[in-house]
Engineer: 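The structure follows.
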Amino acid sequence: MTDTKAGSGDATFFAAENTENLHIHNRVDFDIIASLVRPGTRVLDVGCSDGELLQLLRDSRNVDGRGVELSQSGVNQCLMRGLSVIQGDADRDLVYYPDSSFDYVILSQTLQATLNPKKVLSELLRIGERAIVSIPNFGYWRVRGSLLFRGRMPVTKELPFSWYDTPNIHFCTIRDFVDMTKEVGATVEDAVALNRNGERMPFSLPWGMWNLLGQQAVFLLKR
């Protein structure tokens with residue numbers, strides 16, 4: 001894999017979109033994701049948890065949003081927000097959705113908790129015209145330092161669980177994820193890496209620097 005990125009192409013549209021109505025959240029990737037979604041489009045949020053992102057997209061981007069959530073408590077919270085969400089499993093239930101049934105399919109900070117990330121990513125790209133995926137970066141320098149100098153599995157803001165109770169079973173780095181997008185035939189239309197302060201890292205930096213200094217990343221993909 002090279003350490004250079006292609007230009008973001010059509011993704012410049014998204015960067016230029018007016019995002020003044022976006023909200024501030026504890027999950028900084030939510031506003032990044034929302035800025036990548038065209039207003040008035042059809043969106044499926046896979047692993048939507050309590051529906052905070054889906055509500056943000058509905059209120060700020062006027063999307064026709066749907067959600068899939070594994071936990072019944074999450075589904076209940078979504079319904080209380082007035083969202084259209086069903087209970088389902090990303091590893092098993094995405095196969096039932098027709099091809100190109102949504103403009104965007106979103107998977108935020110969930111890929112590492114799936115049993116078969118490559119299959120799930122392929123399903124996202126089949127169901128949606130575009131997929132938006134955010135991931136914690138296991139190649140982040142503090143994660144590396146915890147393993148190298150402390151000899152312990154890291155616990156960070158983006159990876160808050162201890163090794164014995166974590167739902168995360170497939171850790172990956174930014175570079176690992178980019179490699180997998182190539183394996184499934186996806187094109188990275190846009191990408192944003194965020195440092196520990198939630199600040200965007202310059203797009204001009206090579207993947208290797210994002211991999212070292214980015215605590216998390218958001219990708220806009222198309223097949």
Side-chain angles (χ1 to χ4, degrees), residues 7-90 93-94 96-111 120-135 181 186-194 198-200 203 216-223:
S8 54
D10 291 340
T12 55
F13 168 88
F14 304 103
E17 275 288 307
N18 183 355
T19 58
E20 63 182 3
N21 293 323
L22 299 188
H23 306 164
I24 297 175
H25 302 272
N26 291 330
R27 284 280 302 275
V28 66
D29 61 317
F30 280 3
D31 284 337
I32 301 296
I33 291 170
S35 73
L36 296 173
V37 173
R38 294 177 189 264
T41 49
R42 298 163 299 156
V43 174
L44 176 66
D45 186 4
V46 179
C48 57
S49 187
D50 64 0
E52 184 178 11
L53 174 59
L54 202 53
Q55 182 179 4
L56 170 64
L57 293 171
R58 180 192 66 187
D59 295 346
S60 67
R61 311 303 271 174
N62 193 33
V63 304
D64 178 8
R66 301 289 186 270
V68 178
E69 169 56 30
L70 181 61
S71 71
Q72 185 61 57
S73 61
V75 173
N76 293 342
Q77 292 178 73
C78 290
L79 295 178
M80 290 176 64
R81 294 176 185 261
L83 301 170
S84 179
V85 172
I86 62 172
Q87 189 169 20
D89 186 333
D93 298 329
L94 294 181
Y96 299 113
Y97 285 88
D99 294 356
S100 302
S101 49
F102 291 90
D103 298 301
Y104 300 92
V105 182
I106 298 171
L107 192 72
S108 61
Q109 303 285 341
T110 303
L111 187 67
V120 169
L121 182 59
S122 293
E123 288 296 309
L124 301 183
L125 292 162
R126 179 187 64 80
I127 298 168
E129 295 295 329
R130 289 178 173 85
I132 300 176
V133 181
S134 67
I135 58 168
T181 66
T187 299
V188 178
E189 285 198 333
D190 203 356
V192 176
L194 302 170
E199 300 166 338
R200 292 178 183 236
F203 187 82
Q216 59 180 310
V218 182
F219 293 86
L220 175 68
L221 307 173
K222 183 175 182 179
R223 181 177 279 171

Engineer: Any idea which heavy atoms bring K222 and E129 closest together, and the distance?
Structural biologist: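 Shortest heavy-atom contact: CG-O, 3.5 Å.
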
Engineer: Looking at E69 and Q87, would you say the former's side chain and the latter's main chain have a donor-acceptor pair under 3.5 Å?
Structural biologist: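 Looks like no, no N/O pair under 3.5 Å.
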
Engineer: Using the side chain to side chain contact (heavy atoms under 4.5 Å, CB included) rule, pick out the option among D50, L83, D45, V68 that qualifies with C78.
Structural biologist: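 One option only clears the test, and that one is L83.
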
Engineer: I'd like to know if the side chain of D29 pairs up with that of S134 as donor and acceptor (distance under 3.5 Å, no hydrogens or angles considered).
Structural biologist: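 Short answer, yes.
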
Engineer: Of all the heavy-atom pairs spanning L54 and G65, show the shortest one and how long it is.
Structural biologist: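 Nearest pair, atom of L54 first, then G65: CD1-CA, 4.1 Å.
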
Engineer: How long is the straight-line distance from CG of L44 back to CG of L124, given to the nearest 0.5 Å?
Structural biologist: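 Spacing of CG (L124) from CG (L44) equals 8.5 Å.
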
Engineer: State whether the side chain of R42 and the backbone N or O of G128 hold a donor-acceptor pair below 3.5 Å, judged by distance alone.
Structural biologist: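 Not at all, since once roles are kept as given, no pair shorter than 3.5 Å links the two residues.
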
Engineer: Judged by atom type as modelled, is there a donor-acceptor pair below 3.5 Å linking the side chain of T41 to the main-chain atoms of P39?
Structural biologist: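 Not at all, since once roles are kept as given, no pair shorter than 3.5 Å links the two residues.
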
Engineer: Going from CD1 on I86 to CG on L79, what distance comes out if it is rounded to the nearest 0.5 angstrom?
Structural biologist: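 The CD1 atom of I86 sits 11.0 Å away from the CG atom of L79.
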
Engineer: Any chance you could measure D103, atom CG, to I127, atom CD1, to the nearest 0.5 Å?
Structural biologist: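 Interatomic distance, D103 CG to I127 CD1, rounded to 0.5 Å: 13.5 Å.
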
Engineer: If you look at every heavy atom in V28 and G198, which pair is closest and at what distance?
Structural biologist: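 It is CG2-O, 3.8 Å.
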
Engineer: Side chains of S122 and R223: closer than 4.5 Å at any heavy-atom pair?
Structural biologist: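 Yes - at least one pair of side-chain heavy atoms lies under 4.5 Å apart.
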
Engineer: To check you understand the geometry: which heavy-atom pair defines the closest contact between R66 and F102, and what is its length?
Structural biologist: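 Looks like CG-CE2, 3.9 Å.
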
Engineer: To the nearest 0.5 Å, what is the distance between CZ on R81 and CG on N76?
Structural biologist: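 The CZ atom of R81 sits 12.5 Å away from the CG atom of N76.
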
Engineer: Distance-only, no hydrogens or angles: does the R61 side chain make a donor-acceptor pair with backbone N or O of A34 under 3.5 Å?
Structural biologist: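 Answer holds: yes.
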
Engineer: Treating Y104 as the side-chain partner and R38 as the backbone partner, does any N or O pair qualify as donor plus acceptor under 3.5 Å?
Structural biologist: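 Answer holds: yes.
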
Engineer: Looking at I106, T110, L94, which one forms a side chain to side chain contact (heavy atoms under 4.5 Å, CB included) with V46?
Structural biologist: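 The residue from I106, T110, L94 that satisfies side chain to side chain contact (heavy atoms under 4.5 Å, CB included) with V46 turns out to be L94.
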
Engineer: Which heavy-atom pair separates L53 from S108 by the least distance, and what is that distance?
Structural biologist: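 Shortest heavy-atom separation between L53 and S108 comes out as CD2-OG, 4.0 Å.
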
Engineer: Counting C-beta onward and ignoring hydrogens, is there a side-chain heavy-atom pair between T181 and F219 closer than 4.5 Å?
Structural biologist: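 No, every pair of side-chain atoms sits at 4.5 Å or beyond.
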
Engineer: Can you confirm whether L107 sits close enough to I135 that some side-chain heavy atom of one is under 4.5 Å from a side-chain heavy atom of the other?
Structural biologist: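 No, too far: nothing below the 4.5 Å cut-off.
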
Engineer: Out of V37, D64, V105, which one pairs with V43 under the side chain to side chain contact (heavy atoms under 4.5 Å, CB included) rule?
Structural biologist: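 For V43, the side chain to side chain contact (heavy atoms under 4.5 Å, CB included) test succeeds with only one of V37, D64, V105, which is V37.
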
Engineer: Would L221 and V188 count as a side chain to side chain contact (heavy atoms under 4.5 Å, CB included) here? Give the steps.
Structural biologist: CA-CA 5 Å; L221 307 173; V188 178; 3.7 Å; yes

Engineer: May I have the step-by-step check of salt bridge (Lys or Arg N to Asp or Glu O under 4.0 Å) for R27 and E52, ending in yes or no?
Structural biologist: CA-CA 10 Å; R27 284 280 302 275; E52 184 178 11; over 6 Å; no

Engineer: Rounded at 0.5 Å granularity, tell me how far OG in S49 sits from CD in Q109.
Structural biologist: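 Reported to 0.5 Å precision, the distance equals 11.5 Å.
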
Engineer: How long is the gap from CD1 on I132 to CD1 on I32, to the nearest 0.5 Å?
Structural biologist: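 That separation rounds to 11.0 Å.
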
Engineer: Do you know which two heavy atoms are closest between P98 and S101, and how far apart they sit?
Structural biologist: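 Of all heavy-atom pairs spanning P98 and S101, the closest is O-OG, 3.0 Å.
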
